[in-house]
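The structure appears below as structure tokens.
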Amino acid sequence: PNAGARGSSGTVSTWASAAHRRSQRQSASTAALGGRLGDARRNVQADDYDVAEDVTMQQYLRLNIIPGGVAEQIKALLPSTFLMYQRPLDEERECYTLVTSQTLYVLVPSRKATDRDKGLSVHAQHKLKDLKLVVVGLFYQHLRLEFAPGVVYVLVTRAHLRTHRFVDTLRQLSKESHDLFDSFDVLHTTKECVTKISECLFRGREFRLQFYCPV
């Protein structure tokens, strides 16, 4: 029993150390996310940030990222890290998800930023009409965007309000642009997860867990 306890303790310690190292990497990534572009980039991380009101960022995106120029209206810019769904063991990469009236761009830092150059390049881009499914992660901490089979992005925001607003923007776009934007499904995992936890804990008894969050 003592050996088993020691083995169990060692396993827990190993997992805790791994979690701590991952947390340190995530903190470093978040620091880079806020510091690479100076004040402009830190502002993007604010919960009340609206790219439609950021003239400097809009100008940079139009001149360097969006080939359609004024033909595409800038709708949202979401800072996060991302993974490809098929490769969950990869390191999270810093990214910005830019949504225009026609296209979704995944932007990544590719060079040192300067006052004039934000250092971002296009990692991938997809027509909004190709978006098939949006899965909202537990407590709005991440999103899964599914396009064609095998093209699935996991955006890790760790920010409820920013995630909520981003999803609302996609919903609103789908309502406004029926000719450019096919309908897509939005799935929320929080309610399903809490229901399953409740079933496991209370096994059919009348007690139920509830989840409250600002909307």
Side-chain angles (χ1 to χ4, degrees), residues 15-51 54 57 60-61 64-66 74-100 103-113 117-126 128 130-148 150-170 186-190 193 213:
W15 277 99
S17 298
H20 178 66
R21 289 194 298 271
R22 187 173 182 85
S23 177
Q24 288 180 321
R25 290 196 299 270
Q26 290 169 352
S27 297
S29 177
T30 300
L33 193 67
R36 192 183 300 271
L37 291 185
D39 292 339
R41 207 169 216 173
R42 283 192 289 273
N43 290 341
V44 174
Q45 295 184 79
D47 285 338
D48 61 351
Y49 177 80
D50 185 354
V51 71
D54 190 339
M57 182 63 79
Y60 169 78
L61 294 172
N64 298 276
I65 302 296
I66 305 173
I74 297 174
K75 297 295 186 178
L77 184 64
L78 178 71
S80 69
T81 56
F82 87 100
L83 294 165
M84 297 305 293
Y85 187 68
Q86 295 80 4
R87 300 193 296 272
L89 298 181
D90 287 357
E91 288 291 330
E92 296 175 15
R93 294 183 60 187
E94 174 188 351
C95 80
Y96 286 81
T97 304
L98 170 65
V99 176
T100 72
T103 312
L104 184 144
Y105 301 87
V106 178
L107 311 178
V108 296
S110 60
R111 56 195 177 275
K112 185 177 181 179
D117 181 8
K118 309 301 185 184
L120 298 176
S121 62
V122 178
H123 173 79
Q125 65 185 76
H126 303 277
L128 287 179
D130 296 330
L131 181 61
K132 304 302 181 186
L133 179 65
V134 177
V135 180
V136 182
L138 190 62
F139 306 136
Y140 281 82
Q141 298 299 294
H142 71 273
L143 289 169
R144 192 167 82 231
L145 306 179
E146 299 190 7
F147 292 90
V151 183
V152 184
Y153 300 92
V154 178
L155 306 179
V156 184
T157 63
R158 302 181 180 88
H160 171 273
L161 187 55
R162 271 183 284 155
T163 306
H164 203 299
R165 288 182 172 177
F166 186 77
V167 174
D168 287 346
T169 298
L170 292 177
V186 177
L187 301 180
H188 295 263
T189 60
T190 296
C193 181
C213 67

Can you confirm whether [X] sits close enough to [Y] that some side-chain heavy atom of one is under 4.5 Å from a side-chain heavy atom of the other?
X: L131; Y: L104; result: no
X: M84; Y: D90; result: no
X: H142; Y: S80; result: no

Next item on the list: Starting from the C-alpha separation in whole Å, work towards a yes-or-no answer on side chain to side chain contact (heavy atoms under 4.5 Å, CB included) for V136 and L143.
Entry: CA-CA 5 Å; V136 182; L143 289 169; 4.0 Å; yes

Notebook entry, point to check: To the nearest 0.5 Å, how far apart are CD1 in I65 and OH in Y105?
Noted result: 8.5 Å

Check: Got a second to check how far Y60's OH is from D54's CG, nearest 0.5 Å?
Finding: 13.0 Å

Margin query: Main chain of Q141, side chain of T157: is a donor-acceptor contact present, judged purely on distance under 3.5 Å?
Written below: yes

Restricting to non-hydrogen atoms, name the atom on [X] and the atom on [Y] that form the minimum distance, rounded to 0.1 Å.
X: T169; Y: K75; answer: CG2-CB, 4.0 Å
X: T100; Y: L128; answer: O-CD1, 3.3 Å
X: R111; Y: D117; answer: NE-OD2, 2.7 Å
X: H160; Y: F139; answer: CD2-O, 3.9 Å
X: V51; Y: M57; answer: CG2-CG, 4.2 Å

Note to self: Run L77 and T97 through side chain to side chain contact (heavy atoms under 4.5 Å, CB included) and show every step you take.
What the structure shows: CA-CA 6 Å; L77 184 64; T97 304; over 6 Å; no

Next item on the list: Taking side chain to side chain contact (heavy atoms under 4.5 Å, CB included) as the test, write out the residues that go with D168, two or more places apart.
Entry: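 Partners of D168 by the side chain to side chain contact (heavy atoms under 4.5 Å, CB included) criterion, ordered by chain and then number, come out as H164, R171.
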
Next item on the list: Please determine which of L107, T81, L155 meets the side-chain contact (heavy atoms from CB on, under 4.5 Å) test together with C95.
Entry: L155

Check: Taking only residues two or more places apart in sequence, or in another chain, which ones meet R144 in a salt bridge (charged side-chain N to carboxylate O under 4.0 Å, His left out)?
Finding: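 So R144 forms a salt bridge (charged side-chain N to carboxylate O under 4.0 Å, His left out) with E146.
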
Next item on the list: Check side-chain hydrogen bond (donor to acceptor under 3.5 Å, both in side chains) between T103 and all other residues, then give those that pass, not counting sequence neighbours.
Entry: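 Once residues adjacent in sequence are excluded, the partners of T103 under the side-chain hydrogen bond (donor to acceptor under 3.5 Å, both in side chains) criterion are E72.
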
Margin query: For H126, give me all partners under side-chain hydrogen bond (donor to acceptor under 3.5 Å, both in side chains), at least two apart in sequence or on another chain.
Written below: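 side-chain hydrogen bond (donor to acceptor under 3.5 Å, both in side chains) check on H126 returns Y153.
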
Next item on the list: Please list, chain by chain and in numerical order, all residues satisfying ring-ring contact (aromatic ring centres under 6.0 Å, His included) with F82, sequence neighbours excluded.
Entry: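 Result, ring-ring contact (aromatic ring centres under 6.0 Å, His included) vs F82: H123.
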
Next item on the list: Taking atom OH of Y85 as the centre, report whether more than 12 heavy atoms of other residues, nucleotides or ligands fall under 6.0 Å from it.
Entry: no

Next item on the list: With side chain to side chain contact (heavy atoms under 4.5 Å, CB included) as the test, would you mind laying out the steps for L98 and L120 before giving the verdict?
Entry: CA-CA 11 Å; L98 170 65; L120 298 176; over 6 Å; no

